[in-house]
Each structure stands twice: as C-alpha cells, then as structure tokens.
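This chain uses plain numbering: 1 for the first residue, then up along the sequence. Quick caveat: nothing in here was measured; it's all calculated off a predicted structure.
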Amino acid sequence: MCAAILSVGVLAGPAHAEEQGRATDLGAAGWTLKETGTTARFRGLAAVSRTTAWVAGSKGTVLRTLDGGRSWQDVSPPGAVAEQLELRDIEAFDARRAVALSIGEGEASRVLRTEDGGATWTETFRNPDPRAFYDCLTFFDARHGLAMSDPVDGKFRILATDDGGRHWRVLPGEGMPAALPGEAGFAASGQCLVSAGPRDVWLATGGGASARVLHSADRGRTWRVAESTVPAGDPARGVFALAFRDRTRGLAVGGDYRAGQASPRAAAVSSDGGRTWSGATTPPPAYRSGAAWYPYSRGTALAVGPTGTDVTTDGGRNWRPLDAGSFDTVDCAPDTGCWAAGEKGRVARLERP
C-alpha cells in the first residue's frame with residue numbers, strides 16, 4: 001500500500017503520539033463523500049495524505065486531488081482511455097509520481113508511470129505472454145516494487161523493478177511454490193499483493209481448494225505458503241485483500257464476491273508474518289474486498305466492501321459495522337488521512353469528530 005511506502009522514515013509527531021500503543025476508537029467517525037464528476041469504478045487508490053490522493057479505475061480513468069477531495073483533476077493516460085483499460089491498482093510516492101496497473105489477459109496487462117502529476121504518462125511494461133494476467137502491484141520504497149500475475153506454468157509470476165517502475169523484469173520462478181488447481185489472485189482492490197518494510201511482501205489467493213497467503217522476505221525471490229481460514233473452494237471465494245502494519249501483524253479479508261452469497265469467516269489475522277492465520281472471532285458480516293490499518297494505533301483497522309465498512313480496534317479479532325455505503329478499496333496515509341473508493345465514482349475521506 002501507498003501508506004507503507006510513505007511511512008519509511010516518517011515518525012509520529014505530537015498530534016499522533018497519544019494514539020501510539022493503544023487502540024483508536026473510530027466509532028464516531030464516518031465517510032464523507034467527495035464529488036468526482038465521473039461514474040468510473042475505482043478499485044485502485046493511493047492515499048498520500050489528508051489532502052492528496054489518487055484513484056484509478058474503469059475506462060482508463062485516473063483522478064487526483066490536492067485539496068482533500070474538494071476538486072479532482074482528470075489525469076487519465078490518453079492511451080488507457082482510448083483502449084478502455086481496466087486500471088485496478090495505483091501506487092503513489094507523492095503528489096507528482098505514481099505507477100498504475102491495468103489488468104487483463106496478455107497485452108491488456110500494463111504498467112504506466114507518471115512523474116508530473118499525470119500530465120504525461122509512460123508505458124513501462126506491456127505483458128507479452130497471453131497466459132499471464134497481472135492483478136496487483138506494490139512498492140517497498142520509491143525504487144523497489146513488484147507486480148504479480150495469476151499462475152503461468154503452475155506458478156504465480158512476479159515482475160520486479162528497482163528504478164521506481166521505469167523498467168521491469170520477470171523474476172525466476174524457482175522460489176515460488178506450485179499453485180493449486182484453479183488458484184488465482186483477485187484484482188478487486190489493489191491489495192492482493194502488499195508489502196511492509198524494505199523486503200517483506202505477501203500475496204493473497206483464492207479460487208483453489210483453500211485460500212492461501214504467500215510470503216517472501218527477499219523481495220519476491222523465494223516464497224513460503226500458508227493456508228488462511230477464509231473459505232475458498234470456488235472461483236468466487238478466497239482472500240481478496242491483505243494489510244500488514246509491520247512485518248509480523250497482518251489482516252486478511254475476503255469471502256464470496258457474488259451478490260447475495262454468504263461470506264462466513266471472511267476475515268483472518270496473523271501475528272507471525274503470515275506463517276499462521278486465525279479466524280476473526282467476530283468477522284465482518286459480508287464479503288470485504290479492501291483493508292487498511294489506521295496509522296499510529298495499536299489495533300485499529302478498516303475493511304470495506306460493496307455492502308459496507310467495518311472497523312476493528314483489537315487487531316482484527318472482532319469487527320463491527322461503521323458505514324453501510326459501497327466501497328471496493330481503502331487506504332490510509334501516515335498523517336491519518338484515510339480514503340475509500342468504489343463504484344459509480346464514489347470516493348470518500350474518513351472524518352473524525
């Protein structure tokens with residue numbers, strides 16, 4: 001997540017000191033919708049701060065705000081708009097630099113980069129393999145990042161950059177465990193591949209017999225795999241999003257994305273870097289596609305989905321409803337600016353009394 005990138009070297013200031021080491025109660029908080037002027041569906045979101053955020057979505061649409069959502073600039077890549085690309089993930093380093101991922105089979109999977117706030121974009125990767133389908137990307141810092149594809153030749157494929165997304169290379173597959181039959185990632189929120197710190201990265205799966213979480217401690221070269229408690233066994237079920245607040249404490253959310261389908265046990269927690277997972281005691285009541293930790297708090301996090309937002313204050317063990325609005329993804333910046341985005345151009349910022 002973007003917050004993971006920007007938190008490197010950022011210390012909690014006095015305004016946040018009181019929240020360190022304890023849970024933060026967001027019970028009186030709520031989402032305030034920001035008019036975007038579009039009906040695009042935004043599954044890609046990068047929260048830079050309370051004032052600056054990027055969203056990426058359907059029909060090649062990218063928007064940016066610099067004033068807390070009062071106004072939005074359409075900074076969509078012309079080529080992505082012309083080809084109606086599905087932009088499902090965006091990672092931003094600041095108000096000017098961002099990297100976006102379009103999804104799809106073969107050449108529909110691309111990476112685009114801007115250094116001037118979206119005034120111009122450069123296509124830095126176009127997938128040449130018709131068997132590959134890229135779902136998500138993440139950055140460890142402003143230089144090092146990864147993107148992941150659904151399995152090719154029985155293994156998830158990892159793409160890497162060490163120059164901020166200007167150039168990409170496919171990593172060797174020897175260190176990747178074999179995928180299960182039918183296993184894949186979900187390009188639902190840009191959070192099926194997430195990182196924390198300089199080298200740790202996690203990959204979420206579904207569709208196979210079990211929903212699994214893969215972890216690499218060496219920027220994607222070697223991986224170990226663990227089963228989560230989130231139900232799978234169907235192409236529509238599994239872990240849709242991960243969030244790690246550091247290299248040990250993580251959340252997984254998901255379920256069954258089909259409307260009207262039950263999603264029991266749709267959240268899990270890990271305290272050992274993803275080696276083992278425990279089901280939430282009180283999970284969200286329905287499918288959730290995105291998750292984010294609230295900065296500088298011990299155990300507060302948000303989970304969003306088409307039927308609402310839930311909050312936890314005990315590290316993911318118990319969740320309770322916060323809002324009934326539809327969102328696909330959520331992200332929090334180091335200054336506690338939390339944003340959510342979803343269908344019909346919906347973008348909102350979390351407001352606390």
Side-chain angles (χ1 to χ4, degrees), residues 1-8 34 36-38 40-104 107-127 134-148 159-169 187 189-191 193-195 329 331 333-334 337 339 341 345 347:
M1 289 191 300
C2 173
I5 303 168
L6 296 172
S7 63
V8 177
K34 308 295 183 178
T36 60
T38 179
R41 186 165 196 165
F42 295 119
R43 295 182 184 270
L45 167 65
V48 177
S49 68
R50 284 186 57 80
T51 57
T52 302
W54 301 66
V55 290
S58 57
K59 301 179 181 179
T61 307
V62 179
L63 304 183
R64 182 188 66 157
T65 182
L66 302 176
D67 56 12
R70 289 190 297 272
S71 63
W72 293 86
Q73 299 169 305
D74 186 340
V75 295
S76 305
V81 174
E83 296 191 50
Q84 302 281 283
L85 295 181
E86 285 289 325
L87 300 175
R88 295 292 182 91
D89 199 354
I90 187 165
E91 303 291 327
F93 308 113
D94 49 40
R96 296 184 60 79
R97 297 176 298 159
V99 179
L101 173 75
S102 74
I103 67 157
E107 292 190 351
S109 285
R110 305 178 196 180
V111 178
L112 304 160
R113 186 179 190 277
T114 182
E115 297 182 4
D116 54 14
T120 61
W121 293 83
T122 301
E123 181 182 297
T124 60
F125 173 77
R126 182 178 297 207
N127 172 38
Y134 285 85
D135 298 291
C136 295
L137 75 160
T138 189
F139 276 83
F140 303 94
D141 51 45
R143 292 178 53 207
H144 301 93
L146 301 176
M148 58 80 67
L159 197 66
T161 180
D162 58 12
D163 59 6
R166 295 178 180 87
H167 302 90
W168 297 84
R169 67 189 184 282
S189 61
Q191 295 173 333
L193 185 72
V194 302
S195 56
T329 187
D331 193 21
W339 297 78
V347 180

When rounded to the nearest 0.5 angstrom, what is the spacing between [atom1] in [X] and [atom2] in [Y]?
| X | Y | atom1 | atom2 | value |
| --- | --- | --- | --- | --- |
| Gln73 | Leu66 | CD | CG | 5.0 Å |
| Arg97 | Arg113 | CZ | CZ | 7.0 Å |
| Thr122 | Asp116 | OG1 | CG | 8.5 Å |
| Leu45 | Glu91 | CG | CD | 9.5 Å |
| Ser109 | Phe125 | OG | CZ | 7.5 Å |
| Phe42 | Trp339 | CZ | CH2 | 12.5 Å |

Original post:
Is the shortest heavy-atom distance from the side chain of Thr138 to the side chain of Met148 under 4.5 Å?
Top reply: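 No - every pair of side-chain heavy atoms lies 4.5 Å or more apart.
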Subject >> Qualifying residues under salt bridge (charged side-chain N to carboxylate O under 4.0 Å, His left out), relative to Arg110, sequence neighbours excluded >> reply: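 Expected list: Glu83, Glu123.
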Give me the atom names and distance for the closest heavy-atom approach of [X] to [Y].
| X | Y | value |
| --- | --- | --- |
| Leu63 | Asp74 | CD2-CA, 3.6 Å |
| Val55 | Ala341 | CG1-CB, 4.0 Å |
| Leu85 | Ala108 | CD2-O, 4.3 Å |
| Ser76 | Gly60 | CB-O, 3.3 Å |
| Gln191 | Val194 | O-CG1, 3.7 Å |
| Asp94 | Trp54 | O-NE1, 3.2 Å |

Subject >> Identified side chain to side chain contact (heavy atoms under 4.5 Å, CB included) partner of Leu137 from the options Thr161, Leu146, Val99 >> reply: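 Exactly one candidate clears the test, Val99.
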Original post:
With Ser58, which of Arg41, Arg43, Arg88 fulfils side chain to side chain contact (heavy atoms under 4.5 Å, CB included)?
Top reply: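 Output: one option passes, namely Arg41.
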**OP:** Check the pair Val347, Trp72 against side-chain contact (heavy atoms from CB on, under 4.5 Å), reporting the backbone distance first and the verdict last.
**Re:** CA-CA 11 Å; Val347 180; Trp72 293 86; 3.7 Å; yes
Within the side chain of [X], is there an N or O that forms a donor-acceptor pair under 3.5 Å with the backbone of [Y]?
| X | Y | result |
| --- | --- | --- |
| Thr114 | Thr120 | yes |
| Asp331 | Ala47 | yes |
| Thr124 | His167 | no |
| Trp121 | Val75 | yes |
| Thr329 | Ser189 | yes |

Original post:
How about Thr38 and Thr36: does a side-chain donor come under 3.5 Å of a side-chain acceptor?
Top reply: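 No, Thr36 and Thr38 have no side-chain donor paired with an acceptor closer than 3.5 Å.
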**OP:** Decide side-chain contact (heavy atoms from CB on, under 4.5 Å) for Leu112 and Leu87; before the verdict, give the C-alpha distance in whole Å, the side-chain angles of both, and the deciding distance to 0.1 Å.
**Re:** CA-CA 10 Å; Leu112 304 160; Leu87 300 175; 4.3 Å; yes
